[in-house]
Protein chains: 2
Amino acid sequence: MVTKGNAFDPNCPTRTILDRIGDKWTVLVVLSLRSGPLRFTELRDGIGRVAPKVLTQTLRRMERDGLITREVYPEIPPRVVYTLTPMGASLIEPISVITDWAETHVPAITKAQAAYDELA
Amino acid sequence: MVTKGNAFDPNCPTRTILDRIGDKWTVLVVLSLRSGPLRFTELRDGIGRVAPKVLTQTLRRMERDGLITREVYPEIPPRVVYTLTPMGASLIEPISVITDWAETHVPAITKAQAAYDELA
DNA sequence: CCGTATCCACTGGGATACTG
DNA sequence: CAGTATCCCAGTGGATACGG
């Protein structure tokens with residue numbers, strides 16, 4: 001374990017990753033693709049209420065980051081398939097750690113919130 | 001491994017946690033407090049450029065979630081000390097997983113971005 | 001089918017000044 | 001010292017309509 005980078009530096013790339021993980025749609029895309037490639041509409045329908053613009057933004061950014069690949073089949077009608085890259089798939093693990101933590105502590109958090117609000 | 005909750009539900013509490021972890025200031029507060037309690041100004045100075053309003057918002061929310069405690073000593077001048085709760089401290093682990101992942105993959109991501117931008 | 005093009009509304013960070 | 005009170009502003013998500 002070296003110097004641990006510096007998450008306090010706004011320009012630290014680690015910060016960018018944190019933002020990605022915290023991004024609602026990015027996480028949902030990763031989870032959606034973990035069981036196999038999907039098309040745009042399939043992602044859209046699976047994720048739920050998401051504007052196409054926003055989904056496209058998310059997918060483009062993830063593609064740029066190397067988390068997913070985007071394959072276009074110039075058929076009619078067109079077909080576009082999104083697939084997790086190995087790096088993208090490796091995100092499932094950290095995400096699981098977070099969700100596990102969340103599920104474990106949600107009751108305590110809910111309770112803490114209730115207690116806090118009680119004093120208001 | 002049970003039903004895994006449902007991160008796709010916007011009302012799922014897990015989503016809230018994800019947002020917290022993705023929150024820039026929340027993460028920095030946790031990391032700042034990991035070596036011991038700090039006062040408001042100490043946090044402020046350690047974190048860097050953060051508006052007092054924003055820091056207060058963050059701290060209040062974390063207190064409400066049960067991640068930190070806020071102790072006020074009615075002295076003159078006043079003294080307020082923030083401390084990680086056990087639950088707050090338990091966040092360090094998941095955060096480390098993320099930052100480790102980030103540090104590991106940052107080079108690949110940077111490279112992917114460069115390659116992507118190359119085609120523009 | 002897979003997006004792009006617009007437009008809107010609003011959240012929420014940031015800077016600054018001020019108070020108990 | 002530890003915030004609160006304002007004001008500002010940009011970015012971003014969302015809805016809708018349309019194009020290749």
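Side chains included, hydrogens not; waters and symmetry mates left out as well; all remaining heavy atoms used. Proteins come first, then strands; the chains are lettered A, B, ... in the order of their sequence lines, and each starts at number 1.
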Just wondering, more than 12 heavy atoms not from [X] lying within 6.0 Å of its [atom1]?
X	atom1	answer
A:E71	CD	yes
B:I76	CD1	no
A:E75	CD	yes

Residue [X], side-chain atoms from C-beta onward, closest of [options]:
X	options	answer
B:P78	C:dG20, C:dG14, D:dA15	C:dG20
A:F40	D:dT4, C:dC2, C:dG13	C:dC2
B:T56	D:dG3, C:dT4, D:dT6	D:dG3
B:V54	C:dC2, C:dG13, D:dA2	C:dG13
B:P52	C:dC2, C:dG14, D:dG3	D:dG3
A:Q57	C:dC2, D:dG13, C:dG14	D:dG13
B:A51	D:dA15, D:dA2, C:dA15	C:dA15
B:R70	D:dA17, D:dG3, D:dG13	D:dG3

Please check if A:I98 and B:M87 belong to a single hydrophobic cluster, counting links between Ile, Leu, Val, Met, Phe, Trp and Tyr side chain heavy atoms closer than 4.5 Å.
yes
Taking OP1 and OP2 of [N], is either one under 4.0 Å from a side-chain nitrogen or oxygen of [X]?
X	N	result
A:R79	C:dC2	no
B:K53	C:dC18	no
A:K24	D:dG14	yes
A:R49	D:dA15	yes
B:Y82	D:dC1	no

Check the distance between [N]'s [atom2] and [X]'s [atom1] and give it to me in whole angstrom.
X	N	atom1	atom2	value
A:L43	C:dC1	CG	C1'	14 Å
A:D19	D:dG11	CG	P	15 Å
B:L55	D:dT4	CG	P	11 Å
B:W25	D:dG3	CH2	P	17 Å
A:R39	C:dC2	CZ	C1'	9 Å
B:R15	D:dG13	CZ	C1'	14 Å
B:E75	D:dG3	CD	P	13 Å
B:E42	D:dA2	CD	P	8 Å

Counting only N and O atoms by type, is there a donor-acceptor contact under 3.5 Å from the side chain of [X] to the main-chain atoms of [Y]?
X	Y	result
B:R61	B:T58	no
A:T85	A:G66	yes
B:R34	B:L31	yes
B:W101	A:I95	no

Quick one: do B:D19 and B:R15 make a salt bridge, cutoff under 4.0 Å?
yes
Under a 4.0 Å heavy-atom cut-off, which of residues 58-68 of chain A touch DNA chain C?
A:R60
Bending between helix ends of the helix from C:dC1-D:dG20 to C:dG20-D:dC1 [5 pairs per end, 10° resolution]
50°
Taken to the nearest 0.5 Å, the spacing of B:M62 CE from B:T69 OG1 works out to 10.5 Å
Drop me the distance from B:I68's CD1 to B:L43's CG, to the nearest 0.5 angstrom.
8.0 Å
Sugar-phosphate, base or nothing in reach of B:R44, heavy atoms under 4.0 Å:
nothing
